[in-house]
Structures are given as structure tokens and as C-alpha cells.
Amino acid sequence: MIKVEHLVHTYEGGNSPALRAIDLEIEEGEYVAIIGPIGCGKTTLIKHLNALLIPTEGNVWVDGMNTKDTRLAGEIRQRVGMVFQNPDNQIVGMTVEEDVAFGPENLRLPPGEIRRRVTEALEAVGMGSYAQRHPHTLSGGEKRLVTLADVLAMNPSYIALDEPTSSLDPAGREMVLTLLRGLNKQGIAMIHVTHNMDEITGADRIIVMEDGRIVLSGTPGEVFSGV
Amino acid sequence: MGYKLGQYIPGSSLVHRLDPRVKIAAVMLVSITVLRADAFIVVAVTILLAGITFIARLSLAHLLRAVRPLVIFFALIFLVHLFFFTPGAPSPLPLATYEGLYRGAILTWRFVFLILSAAILTMTTLPSELISGLERCLRPLRPLGIPSHDVAVMVSIVLRFVPTLLQELDQIKEAQMARGADFKAGNLLARMKRVSSLVIPLIRNSILRAEEVAMGMEGRGYRRGPRTYMRELRMTPSDYIILALLVILTGLGVYRW
Amino acid sequence: MGRAATGISTRGMVFAAIFAALTAVGAFIAIPLIGLVPISLQTLFVHLAGALLGSRLGALSQFIYVLVGVMGLPVFAGGASGLGVLLGPRGGYLIGFIIGGGYLTGRLVERRKKPGFLWIAISCVAGLVVIYILGVLQLSIVADLPVTGALAVGVVPFLIGDAIKIIAATFITLKLRGMIKV
Ligand SMILES: Nc1ncnc2c1ncn2[C@@H]1O[C@H](COP(=O)(O)OP(=O)(O)OP(=O)(O)O)[C@@H](O)[C@H]1O
Ligand SMILES: [Mg+2]
């Protein structure tokens, strides 16, 4: 379980807090959608879920581990995978398979295990035949799938995704959404940030943010009737 | 986009299959040997190079392509020696001498050879194998403060992003030409301005990119220091034999100095 | 900009790597100069590495750049690569990129809290002088040329281009330095 407790975040040099007292719990296997207007703090919030940002006030616990404890950062980042908005800047490997291997290599797994995970992760997103491709030769959608494989190879319990369908065409969008639902069925919790209402009708829970606060939280039925 | 990542030419020859560490060592050792080459070493090493080229199934055209960027420079050096080498008393007239021809030829050949031996290495080794080999070769330097793991990661980021930055440069250029910028006309100042209008967005984007890349790497559990690798390097008996041969040959070559 | 001699952060590593990549890209961009050979933008990025990143990361970025080229990737001027370039007549310039362009320029820029146009330009010139000293030395030794000959071949033809690039590098540094927090 991820537990966010009275989380406040003020950026260095920012004059007002980007997050003001967030309380949130995310269960294992849950599909949580986060929506809200531009600049309301969605990206900031999910960066807290895998210790990329540390709370200014309050606490974030991932399976009982406090993100403020820097010794636990490695373990936390293995459990909570992060897919950022721009896939181009998440791909650091010279080839697709080397990129997917980057995470497991950071976990210091043995070579055979890394190879196995890379193959599995690429198969899971349908990119098995792209293993040797150079990233700059991939389309935007293909890059997006590679970043999903990157995260899957870490064997996470939770995946946080920042607008994972932005800049995809309707077919690509549908494909990514189907993939996310499939992974969620296999037990991985999804925390899905989006601007697009009709992407999240299937979520277990929708969280609506505004100006650094959670203003509404509930099942899609509850939230949409409240809007 | 004509940029190719390295000059790798796929193949399965003995040279292709050699451990990258052995190949890196080979280039280093041979480069040392030719630093003070005489005619004997020139012939010996040329034969060696020809043999390797043949075994690796590379063609002369491949080799020539590697030398081409430096041809003019080499020619210049050769000519300088040919005409200006003056044994004994300085001669007022620039005349070609046999001595000059000999020295110029050996010197130029040495440079060509250095380029060629490195080119054969990269033509027969995948960039990612090269990085693995490099990382292993740098490990002994870790006590000196050269962290081989981090160096390997940085090299890999460079190779990953050079093509992307070139693409981005093209996009910026196209966008500006669409707005009517002409990159070939105008006085010096105008050209400088236009180059800045190309370079500044490129750097600005690169800085933002670097921030995101770093964030993404940490999000995937990257921290400085040792990590494991998917690619394993294993020395086979033929790797050891070739390494031993190389060391002996280098020893003989250096002994002749 | 001064940094304690602690370890380099991931962010610092990535900045160094990206500037190494930019230096490689610079070798591909040429501006046509009136009546002269086109000048490549490579050293523009060498100056920027030192002036924007400071001594440690600037030198690191140039070290990585040279390493990538030595490994055989075609990132040196004219698309050349390999150990041969480093040991060859032009190798001194590459060492100069690390020591002069990266380290010295960065070091000088770091000496002032908020260096102005003149100071940044002077820092770049100082770095360039080191690049040329090392370049000319190696050129004259390796190619067996007298120093005057090496100067004629390896320095004089590039001076106008260098002046332009240093002015540009200084402007760009002033414009973009606020963006970099390493
Ligand atoms: N590095 C930073 N430094 C200072 N302020 C920042 C930084 N990153 C974000 N902010 C500010 O924090 C607030 C929340 O930003 P955040 O990126 O979390 O919003 P968001 O909900 O993800 O918006 P969007 O829908 O546009 O992606 C914004 O006002 C933004 O300007
Ligand atoms: Mg956002």
C-alpha cells in the first residue's frame, strides 16, 4: 500500500506550495486515475510516490517504507515504476533491449535474470522484434511502449504514469490503454495521470485535483455525477 | 538522417567474435609498436593488418572510407617532409630527397595505420560491445577515481543522444527556414545571428532534456557505483591465444626500437 | 557556481554526457565564412561546456567526448575517429579540449560569482590558448614539423572563426547560465 499523509511540497524558488496537504491511500492492484487542470500538481504528486521528490511536510510511505529515508530509495523505486510524459528522455540505452536492461542492471541482478526480464518485458508490450532497434528510429508510440517495458522489467507493484497517451493517435491510445488494463488485471496497481475524462471510466477510483489539493475522490460513477 | 552509429559492419568472422577487450588491447599494443617504426616493422605490421582485414572479410573500400576524412592532412604532412627534409646543412632550395621521401612515407603510413587499426576494431565490434569492453578495461583505474561504471553510462548516453540531437537540429532548422531564414546568404553578422538562432534552442532543449533524463534514470533506480550487466564477456581459448600472440609480437617490435 | 569536491550527481553526469554529445554534433555543423573554409561549431560547444558547466563537469564532458571518439565513433572533426586521432597530429587539440576548454575555462568562470561578458570571454580565450599550445606541440612533435610550420598549419587559418565562436559562446553563456542547476 502507498500512503500519502498530509503531503506538502514547495519547490525551491517557488513562492507558493505546489501541493498543499494531500492525503491519499493506494491499495495494491488498484487502478487510480488522477485528473485536474494544468499546473494543479499531478506530476509533482506522482514524483513523490517513488522518492524522486521528498516531502516538504508530511510523509509518503511505500509498503511501509518512508521516502524520506534515502537508504530505501532503491527499494522504493523498484516497487513503484514511473513512466514520464516524454518518452524520448527516458530512453537511455543505445538499443531497445539495452534500454530495458538499464533498470534491472541498476538492481544488480545477475546477467541471466536481466536477459530473461528484458525478453519478457518486451514481449509483454509487443515489442519483442524491436530489441535491436536504435531508439531514434522509433515512432512516438513505439518509444512509449519501450518506456512501459522499461518499468515492467523492474517487476514493480505499482506503476505511475504521467499522461501516457499524450501525443498518440486514437489507435495508439487505445492500444496503450488496453495494455494498462491488462497489466492491472495481472495485479499491478496503476496510478494514471490524465487530462482526458473518457480514458478513465474504467478506473477503480478517480481523484480530482485542483490547486495542489484533492477536491474530489471516488468511483467514476460518484465523481461524474458530482461534476 | 545520414548519421550512422559507428561503422559496424555485421559479420561472424573470427575477428567479429573476439572478445572486445582483446580487440581493444590489440589496437593499443599495435599503436605502441608503430610509434617508432622502421622499414621492417612497417612491412610486418602491414602484412598483419592485411591478414586481419582478410579474415574479417572487410574490403579495401571499407578501409579507405575510414581514412578519407584525414587524407588532405596526411598528404600535407607527407609533402612537407618530402620537400623540406634537409639532412645536414640546411638547403636553401626545397628539393625532394630520397631521405625525405622515406621519412615522409613512414610517418604518413604510421598515421594511416593508427586510423586503420582503430577502424577495424569499430567495424567488427558493436558499439554496445565496445562499451562493455571499455568498462572492463577501465576497471583497474577505479582506485584512481575513474569510475568505470559511470563512464560507461555516460558514453552510452552520448551514443544514444547524438542522433536525436542531430534530428532536433534539423527540425529547428526547418522551422526557421519555414519562417524565411536563409542560412547561406548575408554578411558575417547576419550569419552569426542565424547560427545563434539555431544553436540556442538546441542547447536550451538539451538542458531541459538532461534534467528529464537524469530524473528518469533515478526513477529507474540508477545510483552511481557498481551495477551488473546484461551482456557478459567471456574469454575463450582463442581469445587467450590471440592475446598472447599480440603481447609477444609487441614485445619483439618494441625490442627493435 | 563553486562546488565542494563531493561526488558528481546523476544530473551532473547527464549534463556532462549531453554536452559531450553536443560537442560531437557541433563537429557536424559548419558555417560558411566569406572567402574562407567553413568553420565547424565544435569548439563553440567546447567553450560552452567549460563556461556553462564549470571546471569539473566541463572537463568530464570533454573527457567523455574524446573517449567516445577514441572508441571509434565518428565524432571528431571531419567524421574521423579512433585512437589514431588521439595519437596522431591532431591529438593535442583533443587533450586541450579537456584541460583548456573544459577545465581551465570552467575554473576561471567559477572564480567570479556572476562573471560578465569580458570575464567569460577572457576565460574562453585562456582555454583556447591552452588548446592551441597542446595542439601545436603535438602537431610539431608527431608530424615532425618546426613550431612555426605547426602554427601556420594548425592555428592561423582558424583564428577568425575562433574569435566569432568565443563571442557567440559568451553571449550564449550569459543567456542560458540561469537554466543550469547542477
Ligand atoms: N521544478 C519546479 N520548480 C518550481 N516550480 C515548479 C517546478 N515544477 C513544477 N512547478 C510548479 O508546481 C506546480 C505544479 O506543477 P505540476 O507539474 O505538478 O502540475 P501538473 O498538474 O502536472 O500540470 P500539467 O497538467 O500541466 O502537467 C505548477 O504551478 C508548476 O509551475
Ligand atoms: Mg504534469
Side-chain angles (χ1 to χ4, degrees), chain A residues 43 46-47 49-53 70 73-95 97-119 132 134-138 143 147 150-151 153-154 156 160 162, chain B residues 1-6 8 10 125-132 134-135 149-150 152-171 205-234:
Chain A
T43 302
I46 63 170
K47 279 182 182 166
L49 304 184
N50 82 342
L52 284 173
L53 291 178
T70 50
E75 178 74 22
I76 290 172
R77 287 169 185 168
Q78 183 270 309
R79 300 216 188 176
V80 186
M82 190 70 111
V83 175
F84 291 103
Q85 205 169 351
N86 180 359
D88 209 17
N89 292 341
Q90 279 174 86
I91 300 178
V92 292
M94 261 177 303
T95 60
E97 69 168 15
E98 272 163 59
D99 185 60
V100 180
F102 181 78
E105 288 177 343
N106 294 334
L107 299 176
R108 304 180 192 182
L109 299 173
E113 171 70 8
I114 298 177
R115 169 65 64 190
R116 198 184 59 73
R117 287 198 185 188
V118 168
T119 312
Q132 304 300 334
H134 295 294
H136 71 278
T137 67
L138 301 177
K143 284 180 191 164
T147 62
D150 287 344
V151 165
M154 306 279 285
D162 201 351
Chain B
M1 197 70 244
Y3 188 75
K4 218 167 132 252
L5 258 186
Y8 182 67
T125 316
L126 276 168
S128 40
E129 282 200 335
L130 264 181
I131 295 189
S132 302
L134 177 83
E135 194 274 317
H149 295 286
D150 303 327
V153 167
M154 283 189 275
V155 170
S156 149
I157 294 175
V158 175
L159 300 189
R160 154 74 181 89
F161 282 105
V162 166
T164 303
L165 294 179
L166 284 170
Q167 284 173 346
E168 188 167 337
L169 191 69
D170 274 355
Q171 283 164 11
N205 291 351
S206 298
I207 292 172
L208 298 174
R209 197 185 273 283
E211 308 252 0
E212 280 189 25
V213 171
M215 179 77 83
M217 284 166 64
E218 294 200 332
R220 287 159 76 188
Y222 179 75
R223 58 207 139 137
R224 296 195 44 208
R227 40 208 304 275
T228 55
Y229 293 91
M230 175 167 73
R231 185 184 302 277
E232 284 178 286
L233 296 182
R234 276 210 205 84

*Using non-hydrogen atoms and a 4.5 Å limit, figure out which bit of E218(B) sits close to chain A: side chain, backbone, both or neither.*
both
_At a 4.5 Å cut-off on heavy atoms, which part of I91(A) comes close to chain B: side chain, backbone, both, or neither?_
both
_Top contributor to chain B interface from D150(A), N89(A), L52(A), T147(A) [non-hydrogen pairs under 4.5 Å]_ = N89(A)
_Heavy-atom side-chain contact between D99(A) and R160(B) under 4.5 Å_ = no
_Has T228(B) got a side-chain atom pairing as donor or acceptor with L109(A)'s backbone, closer than 3.5 angstrom?_
yes
_Atom pair CZ (R115(A)) and OH (Y229(B)), whose distance is rounded to the nearest 0.5 Å_ = 15.5 Å
_Structural part of P156(A) lying under 4.5 Å from a heavy atom of chain B_ = neither
*So, N106(A) side chain and R220(B) main chain: donor-acceptor pair closer than 3.5 Å or not?*
yes
_Toward chain B, the part of V151(A) with a non-hydrogen atom under 4.5 Å_ = neither
_Any M215(B) side-chain heavy atom under 4.5 Å of M82(A) side chain_ = no
*So, for M94(A) and S156(B), which heavy atoms are closest and what is the spacing to 0.1 Å?*
CG-O, 4.1 Å
*Do the side chain of R227(B) and the main chain of F102(A) share a donor and acceptor less than 3.5 angstrom apart?*
yes
_Please classify the contact between E113(A) and chain B as side chain, backbone, both or neither, with a heavy-atom cut-off of under 4.5 Å._
neither
*Among A51(A), P135(A), A153(A), G74(A), which has the most heavy-atom pairs under 4.5 Å with chain B?*
P135(A)
*Going from CD on E212(B) to CD on Q90(A), what distance comes out if it is rounded to the nearest 0.5 angstrom?*
8.0 Å
*asked:* Within the 4.5 Å heavy-atom criterion, are L166(B) and H136(A) side-chain neighbours or not?
replied: no
*Do N86(A) and R209(B) have side chains that get closer than 4.5 Å, going by heavy atoms?*
no
*Which answer fits L126(B), side chain, backbone, both or neither, if we ask what part of it has an atom under 4.5 Å from a heavy atom of chain A?*
neither
*Determine the minimum heavy-atom distance between N50(A) and G219(B), stating which atoms define it.*
ND2-O, 3.5 Å
*Between E105(A) (side chain) and M230(B) (backbone), is there a donor-acceptor pair under 3.5 Å?*
yes
*Check G221(B) against M154(A) and note the closest heavy-atom contact, atom names and distance.*
N-CE, 4.4 Å
